[in-house]
**Student:** 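I have a structure I would like to understand better, so I am pasting it below and will then ask my questions one at a time.
Numbering of ligands and ligand atoms starts at 1, following listing order. Predicted model, so just to flag it, every value in this text is computed and none were measured. Note that these values count all heavy atoms, side chains included, but never hydrogens, waters or copies made by symmetry.
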Amino acid sequence: MARGRFITLEGGEGVGKSTQLAALAEALRARGLTVVTTREPGGSEGAEAIRRLLLEGGEERWSAPAEALLFAAARTDHVDKIVRPAILGGQWVLSDRFVDSSLAYQGGAGGLGIEAVRAVNAFGIEGWFPDRTLLLLHPEGAERARARDGAASDRIGGRPASYHQAVEESFRAIAAAEPERVRLIDASGTPEEVTARLLAALGDLL
Ligand SMILES: Nc1ncnc2c1ncn2[C@@H]1O[C@H](COP(=O)(O)OP(=O)(O)OP(=O)(O)O)[C@@H](O)[C@H]1O
Ligand SMILES: Cc1cn([C@H]2C[C@H](O)[C@@H](COP(=O)(O)O)O2)c(=O)[nH]c1=O
């Protein structure tokens, strides 16, 4: 059986990843592909439990290195239980966030360093990097997230604007270093227009 593909959607808060994950999955299914949608942190039972530990509670709940290790632990379980079996079974896996979020949030914005966080994750991922990463960019993502969440933003989404600006700069640096894997996607316009751009960025894999 032919291997499936591993596609990740990345970007800052509110840029439209969740909306597009569902739309892209539908578009790929219409092309006859079997598609699994998932998310990080989470996706497997254990990783969803770690998600709650990471996103609930106050800023001081975790030190920066502990936070990075918890994301990596959740990711390891997610890869073991969901991502790898599905891809080996010939399915396409679409994940709302993956390791690039750790590189950008904990590594770049959080000050641990992108390479240090990459090394922490390498042990658990064991080479299961995405075939393609679609980095969604929208100048009003933060405002949209605020309108959506109100005062109920989570432990990481609620960090200051300067942190989220550093997240976006880190994502852009990761994309510049790996242009074949990571494609920049203009996430402005209607949902349908954005989905069309995502499909175009997957054209060589279809
Ligand atoms: N193309 C679009 N035009 C207008 N509004 C949109 C569009 N795409 C998404 N939205 C809205 O913007 C908000 C954020 O979208 P969404 O939840 O998909 O983003 P996200 O990147 O998954 O956010 P987060 O990472 O913070 O969970 C939602 O209220 C959603 O309905
Ligand atoms: C995978 C991952 C996520 N984060 C952050 C990014 C967001 O603020 C939350 C997840 O919330 P979402 O609504 O599901 O996007 O977690 C992170 O800091 N590091 C990571 O590796």
**Student:** Under the rule for ring pair (Phe, Tyr, Trp, His ring centres under 6.0 Å), what residues qualify as partners of Phe98, not counting sequence neighbours?
**Tutor:** Phe6
**Student:** Flag yes if more than 12 heavy atoms outside Glu193 fall under 6.0 Å of its CD atom; otherwise flag no.
**Tutor:** yes
**Student:** Among all residues two or more places apart in sequence or in another chain, which pass the side chain to side chain donor-acceptor pair (under 3.5 Å) test with Glu40?
**Tutor:** Arg75, His78
**Student:** Check for a donor-acceptor pair, side chain of Arg197 on one end and backbone N or O of Asp186 on the other, with a separation under 3.5 Å.
**Tutor:** yes
**Student:** Provide the closest heavy-atom pair for Ser44 versus Ile82 in the form atom of the first, atom of the second, distance.
**Tutor:** CB-CG1, 4.0 Å
**Student:** Report yes if the side chains of Leu205 and Arg132 come closer than 4.5 Å at any heavy-atom pair, otherwise no.
**Tutor:** yes
**Student:** Could you check ligand 2 for N or O atoms lying under 3.5 Å from protein N or O atoms and list the pairs with distances?
**Tutor:**
residue, atom, partner, partner atom, Å
ligand 2, 8 (O), Glu13, OE2, 2.8
ligand 2, 14 (O), Arg51, NH1, 3.2
ligand 2, 14 (O), Arg51, NH2, 3.0
ligand 2, 15 (O), Arg97, NE, 2.8
ligand 2, 15 (O), Arg97, NH2, 3.4
ligand 2, 18 (O), Gln106, NE2, 2.8
ligand 2, 19 (N), Gln106, OE1, 2.8
ligand 2, 21 (O), Arg75, NH2, 2.9
ligand 2, 21 (O), Ser102, N, 3.1
ligand 2, 21 (O), Ser102, OG, 2.6

**Student:** Is it true that the side chains of Ser95 and Thr8 contain a donor and an acceptor less than 3.5 Å apart?
**Tutor:** no
**Student:** So, do Thr76 and Ile125 sit near enough that their side-chain heavy atoms are less than 4.5 Å apart?
**Tutor:**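 No, side chains not in contact.
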**Student:** Give a table of atom pairs where an N or O of ligand 1 lies under 3.5 Å from a protein N or O.
**Tutor:**
residue, atom, partner, partner atom, Å
ligand 1, 1 (N), Gly189, O, 3.0
ligand 1, 1 (N), Pro191, N, 3.4
ligand 1, 12 (O), Arg144, NE, 3.1
ligand 1, 17 (O), Arg148, NH1, 2.8
ligand 1, 18 (O), Ser18, N, 3.4
ligand 1, 18 (O), Thr19, N, 2.9
ligand 1, 18 (O), Thr19, OG1, 2.6
ligand 1, 19 (O), Gly16, N, 3.1
ligand 1, 21 (O), Val15, N, 3.2
ligand 1, 21 (O), Gly16, N, 3.0
ligand 1, 21 (O), Lys17, N, 2.9
ligand 1, 21 (O), Lys17, NZ, 2.7
ligand 1, 22 (O), Ser18, N, 2.9
ligand 1, 22 (O), Ser18, OG, 2.6
ligand 1, 23 (O), Gly14, N, 3.1
ligand 1, 23 (O), Arg148, NH1, 3.0
ligand 1, 25 (O), Lys17, NZ, 2.7
ligand 1, 25 (O), Arg97, NH2, 3.2
ligand 1, 26 (O), Gly14, N, 3.1
ligand 1, 26 (O), Arg148, NH1, 3.4
ligand 1, 26 (O), Arg148, NH2, 2.8
ligand 1, 27 (O), Arg148, NH1, 3.2

**Student:** Does Glu126 reach the side chain of Val79, with side-chain heavy atoms less than 4.5 Å apart?
**Tutor:** no
